[in-house]
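Accompanying notes for the structure given below.
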2 protein chains.
Amino acid sequence: MIKLSTKGRYGMRLMVNLARHHKNGREAIILKNVSEEEGISIRYLEQIIIPLKINKLVKSIRGAGGGYTLGKSPTEIRVCDVLQALEGTCSLVECVEDETYCDKTKICGTHDIWKGATQLLKDYFSGITLQDALELTDKKIAAAKKKAKAK
Amino acid sequence: MIKLSTKGRYGMRLMVNLARHHKNGREAIILKNVSEEEGISIRYLEQIIIPLKINKLVKSIRGAGGGYTLGKSPTEIRVCDVLQALEGTCSLVECVEDETYCDKTKICGTHDIWKGATQLLKDYFSGITLQDALELTDKKIAAAKKKAKAK
DNA sequence: CCGTTTTCAACATAAATTTATAGGAATGAT
DNA sequence: ATCATTCCTATAAATTTATGTTGAAAACGG
C-alpha cells in the first residue's frame, strides 16, 4: 500500500481534536482526553506530539491544569504542515526530495511518475486547513446524531 | 512520510525493465539481468515478482533459457495495476478501502481527506501505462547519453 | 512554604511489519 | 547428466508501531 503512516493519521486526528477545543476557549487539552476520544493510547500520542511541538504547531503547558493547545489558529495550519512535521516530508519516495538518494534518478522514468504524484498530493494537502478538517468532522458528527435521533 | 513501499518502487522498475525488452522481441528476461541493470538483489526481485505473476502481469518460464515476459502489452498495463498487484490497493489508508477498519470512520473528517487524496492518486496512476513509463525512461536515457557525448 | 497531585518529558523495551538475504528443491533446455 | 533458471521456505536486519517506567515541572491546598 502507499501508506500514510499511523503517525500521520493519528497526528491529524490529534490536531483536529485540539482544533475542536481551540474554538471553545483557550484552556489546554490533556492527552488523556484526546486518548479517550480518539481511541489512541496516551503513550503513543505523547510520542506523536513531540514533532508537532518542535514545529510550533502545538504548545505545551506543564503541570496540573496543563495540557496542549494549538500553536496557531486552525485556519493557519494546513494538512501539509502537519504531515511535514510528522513525516519530514509529504513525498511518496525519498528520491523526489533528494535526487542523489538513488543513482538512477537521472535515467529513471518511474522517478518522474512519483514526482508527479507527489506534487498532486502536496497541492491537495496545501489546500486543506485544520479548520476545514474540523468542519468536515463536525458536519459528520451532526449527521450521525440526526440519524440516531430519527431512529 | 507517505511512503510508497519498496515493493511498489522496485516492482515498477522491474516492470519497466521487462517492458523495454518486450518490444525487442519475445525472449524471456532473467531476473539476474534485471538485478544487474536495476541494482536490486535477485532474491528480493524473486519475492516481488510473485504477486505480479499471480495477477497475470508477468508470465514465467521455468528452467534453463527461462525467465519472465510481460503478461500483456505495455500499453495495456497501467501503473495502478502494478501497484494494486503489489500492495493490494492504491489507498493511502486502510479505512478508505474498508470503512469498518476503524469504528470512527463515520464521524472522522480526516477520513474524507484521505479518501480525496486516494482518489487523486488512483486517477493519476490509472492514466499512466507501462508504455508511458518506458518512454519517459528511454527519453531520459537518451538525454543523459547526449549530454555525456557532448562533454 | 511544603507536600501532593497533575501533567508533560525522556528513556527503555516489546511487538509487528517491512525490507532484504540465504539455501536448496523443482523444472526444463541442451 | 549438467547447467541455468524459477520456486519455495526460512530467517536476519531494519523500521514502524505501541507500551511501560521513571523523572521533572507546575499548580494547588493546606
Side-chain angles (χ1 to χ4, degrees), chain A residues 1-14 18 21 26-36 38-54 56-71 83 86-89 92-94 101-102, chain B residues 1-14 18 21 26-36 38-54 56-71 83 86-89 92-94 101-102:
Chain A
M1 187 165 50
I2 300 165
K3 205 174 63 177
L4 180 63
S5 72
T6 60
K7 254 181 162 175
R9 284 190 290 125
Y10 291 172
M12 269 299 295
R13 280 167 60 191
L14 165 58
L18 292 183
H21 296 94
R26 284 303 181 87
E27 81 241 53
I29 307 307
I30 61 177
L31 287 187
K32 185 161 172 292
N33 282 3
V34 179
S35 169
E36 282 164 4
E38 301 294 336
I40 307 168
S41 95
I42 295 187
R43 301 305 186 186
Y44 203 22
L45 285 174
E46 283 177 344
Q47 284 179 58
I48 289 169
I49 211 166
I50 292 171
L52 294 172
K53 202 181 61 171
I54 291 173
K56 315 267 189 193
L57 297 179
V58 305
K59 282 183 227 165
S60 70
I61 300 161
R62 299 184 70 157
Y68 292 93
T69 59
L70 287 186
L83 294 181
L86 288 167
E87 327 252 22
T89 164
L92 276 189
V93 290
E94 281 293 337
Y101 176 76
C102 169
Chain B
M1 187 167 50
I2 299 165
K3 206 172 62 175
L4 179 64
S5 73
T6 61
K7 254 182 162 174
R9 284 190 291 124
Y10 291 172
M12 268 299 295
R13 281 167 60 192
L14 165 57
L18 292 183
H21 295 94
R26 286 302 182 85
E27 81 242 50
I29 307 306
I30 61 177
L31 288 186
K32 185 162 173 289
N33 283 2
V34 178
S35 170
E36 282 163 4
E38 301 294 335
I40 306 168
S41 94
I42 295 186
R43 298 302 192 183
Y44 202 22
L45 285 174
E46 283 178 344
Q47 284 180 58
I48 289 170
I49 211 165
I50 293 171
L52 295 173
K53 203 181 59 171
I54 291 171
K56 315 267 189 190
L57 297 179
V58 305
K59 282 181 228 166
S60 69
I61 300 160
R62 298 187 67 163
Y68 293 93
T69 58
L70 288 184
L83 294 181
L86 288 168
E87 329 252 21
T89 163
L92 278 188
V93 291
E94 281 293 336
Y101 176 76
C102 168

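Numbered from 1 within each chain, the chains take letters A, B, ... in sequence-line order. Bear in mind the structure is a predicted one, so any value in this text is a computation, not a measurement.
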Quiz item: Can you find a side chain N or O atom of A:S41 that sits less than 4.0 Å from OP1 or OP2 on D:dT19?
Solution: yes
Practice problem: Whole angstrom is fine here: how far is it from OH in B:Y44 over to C1' in D:dA12? | Solution: 14 Å
Quiz prompt | side-chain hydrogen bond (donor to acceptor under 3.5 Å, both in side chains) between A:Y10 and A:S5, intermediate numbers included | solution = CA-CA 9 Å; A:Y10 291 172; A:S5 72; over 6 Å; no
Exercise. Report yes if at least one side-chain N or O of A:T6 is closer than 4.0 Å to OP1 or OP2 of D:dT17; otherwise report no.
Key: yes
Quiz item: Quick one: on DNA chain D, does B:I49 or A:R9 contact a more 5' nucleotide (nearest heavy atom)?
Solution: B:I49
Quiz item: CD1 of B:I48 versus C1' of D:dC7: gap in Å, rounded?
Solution: 16 Å
Quiz item: Partners of B:K53 by salt bridge (charged side-chain N to carboxylate O under 4.0 Å, His left out), sequence neighbours excluded?
Solution: none
Practice problem: Check every strand shown and say whether B:L31 touches a base, only sugar-phosphate, or nothing at a heavy-atom separation below 4.0 Å. | Solution: sugar-phosphate
Practice problem: Quickly work out the A:L45 CG to D:dT17 C1' distance and round it to whole Å. | Solution: 13 Å
Quiz item: Tell me, do B:T69 and B:V58 make a side-chain contact under 4.5 Å, heavy atoms counted?
Solution: no
Practice problem: Quickly work out the A:I61 CD1 to D:dA26 P distance and round it to whole Å. | Solution: 11 Å
Produce the list of close N/O pairs, under 3.5 Å, pairing protein atoms with atoms of nucleotides 28-30 of chain C; give distances to one decimal.
{"residue": "C:dG28", "atom": "N2", "partner": "B:A64", "partner atom": "N", "Å": "3.4"}
{"residue": "C:dA29", "atom": "O4'", "partner": "B:A64", "partner atom": "O", "Å": "3.3"}

Quiz prompt | Steps toward side-chain contact (heavy atoms from CB on, under 4.5 Å) verdict (A:I49, A:L14) | solution = CA-CA 8 Å; A:I49 211 166; A:L14 165 58; 3.9 Å; yes
Quiz item: If you check every side-chain atom of B:Y10, which of D:dT17, D:dA18, C:dA20 has the closest atom?
Solution: C:dA20
Self-check item: B:R9: salt bridge (charged side-chain N to carboxylate O under 4.0 Å, His left out) partners, not counting sequence neighbours
Solution: none
Exercise. Would you tell me whether A:Y44 and A:S35 have side-chain atoms, one donor and one acceptor, within less than 3.5 Å of each other?
Key: no
Quiz item: Starting at CG of A:L4 and ending at C1' of D:dT17, how long is that distance when rounded to a whole Å?
Solution: 14 Å
Exercise. Answer yes or no: is there a side-chain heavy-atom contact under 4.5 Å between A:L92 and B:K3?
Key: no
Mind listing the N/O atom pairs, protein and nucleotides 10-13 of chain C, below 3.5 Å?
none

Quiz item: Does C:dA9 have OP1 or OP2 sitting under 4.0 Å from an N or O in the side chain of A:S60?
Solution: yes
Exercise. For A:K7 and A:L86, work out which heavy atoms get closest and say how close.
Key: O-CD1, 3.3 Å
Practice problem: For B:R43, check salt bridge (charged side-chain N to carboxylate O under 4.0 Å, His left out) against everything at least two apart and list the hits. | Solution: B:E46
Please produce a list of atom pairs where a protein N or O lies less than 3.5 Å from an N or O of nucleotides 13-15 of chain D.
none

Exercise. Report the distance from atom CD of A:E36 to atom P of C:dT7, rounded to the nearest whole Å.
Key: 11 Å
Quiz prompt | Euclidean distance, atom CG of residue B:L18 to atom P of D:dT6 [Å, nearest integer] | solution = 10 Å
Quiz item: Quick one: does A:Y68's side chain get under 4.5 Å of A:I61's, heavy atoms only?
Solution: no
Quiz item: Within this structure, what is the CD1-to-C1' distance between B:I30 and D:dC7, rounded to whole angstrom?
Solution: 16 Å
Quiz item: Considering all heavy atoms of both residues, which atom of B:L31 and which atom of B:L45 are nearest to each other, and what is their separation?
Solution: O-CD1, 4.0 Å
Practice problem: Might you point out which heavy atoms bring A:E87 and A:G8 nearest each other, and give the distance in Å? | Solution: OE2-CA, 3.3 Å
